[in-house]
Amino acid sequence: MLKNQESIQDSDPATTQMRDAAKKRGMETVWDRSASNVVCKFGVEGLCCKNCNMGPCRISAKAPRGMCGADADTIAARNLSRAVAAGTSAHSDHGRHLVHTLRMVAEGKTDSYRITDERRLLEVASLYKIETEGRETLDIARDLADALDAEFAHSQEPMKTLSQAPVKRQAIWQKAGVQPHGIDHSVVELMHRTHMGVDHAFGHLELGTITASIADGWGGSMIATAVSDILFGTPKPVLSSVNLGVIAKDHVNLVVHGHEPVLSDCVAAACEEPAAIEYAKSKGAAGIRLSGICCTANEMLMRRGIPVAGNFLQQELAIMTGAVEMMLVDVQCIMPSLASVAACFHTRVVATSKLAHTAGFETVDFNEEHAMEQARSLVRSAIDNFANRKKDMVEIPDSRVDFVAGFSVRAIHEMLGGRFRSTFRPLNDAIIDGRIRGIAGVVGCNNPKKNLDGTIVPLVKGLIAHDVLVLLTGCAAISCAKAGLLSPETAREAASPGLAEVCEAIGIPPVLHMGSCVDNSRILSAACAVLREGGLGEDIADLPAAGAAPEWMSEKAVAIGHYFVASGMLVLLGSPLHIIGGEKLNDMLTQGVEEAFGGKFAWESHTAKQLKIILDHIDKKREALGINTKRKRMLFDMKERRALDV
Ligand code: XCC
Ligand code: SF4
């Protein structure tokens, strides 16, 4: 029997407080279920196959093959492929829905949305060689919607969006035969290959998996990010606050949760309307407070500065504050348990996507045409629900941390360049001379098997204490915000003096929140921008950079890990993918794949060791670029200078 949890402490006191409150009230949380979960060894190792009815088959020393003869590596690889297919589908379907909204706007079928960022529209249109000179914005938008929709279907050519990758990277993909020819196509093909009796060579199948993951990162996710920017604006630095304490006792509280910002954006607008605020006051509330959970929160935060109530594991706890009138959920990372939690309170949980219904949730049949009216009516019924609040059950932790988010690639560009010129030069120079040792992307979920935020935050602290600039997305970004690492002053204190100094000089904080999970595409774009600026090699694999998802949980995280590896990065996961029973596959992902792609996976759960793996990797890349001596000299000079200071 395997234990599911390492321990049950949290690094976030607000979470501990609400878990205690839940216990006192006899309410169950994700941690309780995790503690009583008996984990199946075959599942952990990826050795259970139920792809046909001769099985299910479980691989062990006694039974090294399934009924059909499939071995451990084949079975583990097939299971992994299916996880990546699901993760790619989630991000990409999200992207598709945004393209649909873009089309509705272009065709004048909705006035709930508009083209907010025309510059971004033109940038993306030029990628698809769409004529823009002297044309109406909406005509360009319609052509762009056509071009983006075409990326989903099958084409004779590789997907156009791949052209954003460095030339050298595109050549690597071409040589390995992993250029996707369409997002949907790459997923369908992968599902075909994992059907009983098709692709049994684990290494060959892994190439299909990599292909689908590229369709995710450089396709579906990048499209989701780009179209969100066009419709809702490209993020700029914005001040907000985080943790359960943002839920306001005297206000009507709405919480948005999930990933797709389309309806939530209208809800945010509806909450700000004077008529709605007046109505809330007429019901005895001080106003309306909108906050978010997970990546819908990140989307609302990045563009509107909407406060964040918490990350993935805090969704049940938000309702347990007893002060949430309505939680609006769209897609992904929503626990069905919210229904039973909400049943103990007055909270209405409303599912807003026609894709995602859950027993015990109400549903609204969302449509873009009437989005704003729907949003207004939802806000109004949330206000009506304020009167039903059970006042004696309200407990809101006194935890609220201010922080800065909104670091799109454009925002970083402009901050680095000052008022007159946008450029990555100061960042590249700081990396070359070694004051910034390298860059790490820390991303991904939370997992009840780990202390909440308990491995993300120490890793990020360790990285900035060792001169590494950190880029964040998803729930990991929320973890760091709660820990104060996104408040520029606190971050500067936690950073090494060298990193703090250079960040101040070039004008960016040492830890940057870049957005939601689909916005991992922004990390890819940032890497491309650094390369274009020059001096740090020609390909992502040349960069002194790495990625980590210390508390990963979802299939999307598996797909993200894959496309970062396929793009040439080291990706460190806090616990292994469910493949370790396939020893050859495990060796391939943690070693062999590096030769072809320049990137690879590493599994490690201890912070100090994680840190060492990432720093060693960064130093190895610096060495290969011939910029390590510079750093050594710089460190020596700094020591001298400090010695003189004293
Ligand atoms: Fe979900 Fe995006 Fe994971 Fe958080 S981090 S638990 S996927 S919300 Ni992407
Ligand atoms: Fe068993 Fe092979 Fe069927 Fe999988 S596909 S369940 S290994 S017989």
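Order of appearance sets the numbers: ligands from 1, and atoms from 1 within every ligand. All values derive from a computational prediction rather than experimental measurement.
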Could you check Asp93 against Arg96 for salt bridge (Lys or Arg N to Asp or Glu O under 4.0 Å), going step by step and ending with a plain yes or no? CA-CA 5 Å; Asp93 213 31; Arg96 189 204 315 271; 3.1 Å; yes

Ligand 2 contact on Arg78 by region, counting heavy-atom pairs under 4.0 Å: side chain

Assess Gly444 for proximity to ligand 1: is some non-hydrogen atom of it under 4.0 Å away? yes

Taking atom types as modelled and ignoring hydrogens, do the side chains of His195 and Asn51 form a donor-acceptor contact shorter than 3.5 angstrom? no

Distance-only polar pair, side chains of Thr15 and Gln314, donor-acceptor under 3.5 Å: yes

Under 2.8 Å from atom 1 (Fe) of ligand 2, how many protein N/O/S atoms can be counted? 1

Taking Arg400 for its side chain and Leu244 for its backbone only, find out whether a donor-acceptor pair lies under 3.5 Å. no

No-hydrogen, no-angle side-chain donor-acceptor test under 3.5 Å, Thr225 and Asp519: yes

Look at the side chain of Glu551 and the backbone N and O of Gly454, then say whether any donor-acceptor pair between them is shorter than 3.5 Å. yes

Electrostatic pair Lys556:Asp216 at N-O distance under 4.0 angstrom: no

Assess, by modelled atom type and distance only, whether the side chains of Asn311 and Ser479 contain a donor and an acceptor separated by less than 3.5 Å. yes

Considering only heavy atoms of Met553, which atoms of ligand 1 have at least one such atom less than 4.0 Å away? 6 (S)

How far apart are the C-alpha atoms of Arg303 and Asp229, what are their side-chain angles, what is the distance that settles it, and do they pass the salt bridge (Lys or Arg N to Asp or Glu O under 4.0 Å) test? CA-CA 9 Å; Arg303 301 186 178 87; Asp229 287 352; 2.7 Å; yes

Can you tell me how the ring of Trp552 sits relative to the ring of His578, calling it parallel under 30°, perpendicular over 60° and tilted otherwise? tilted

Between Arg33 and Glu316, is the closest basic N to carboxylate O distance under 4.0 Å? yes

Environment of atom 2 (Fe) of ligand 1 in terms of protein N/O/S atoms, cut-off under 2.8 Å: His259 NE2, Cys295 SG, Cys517 SG

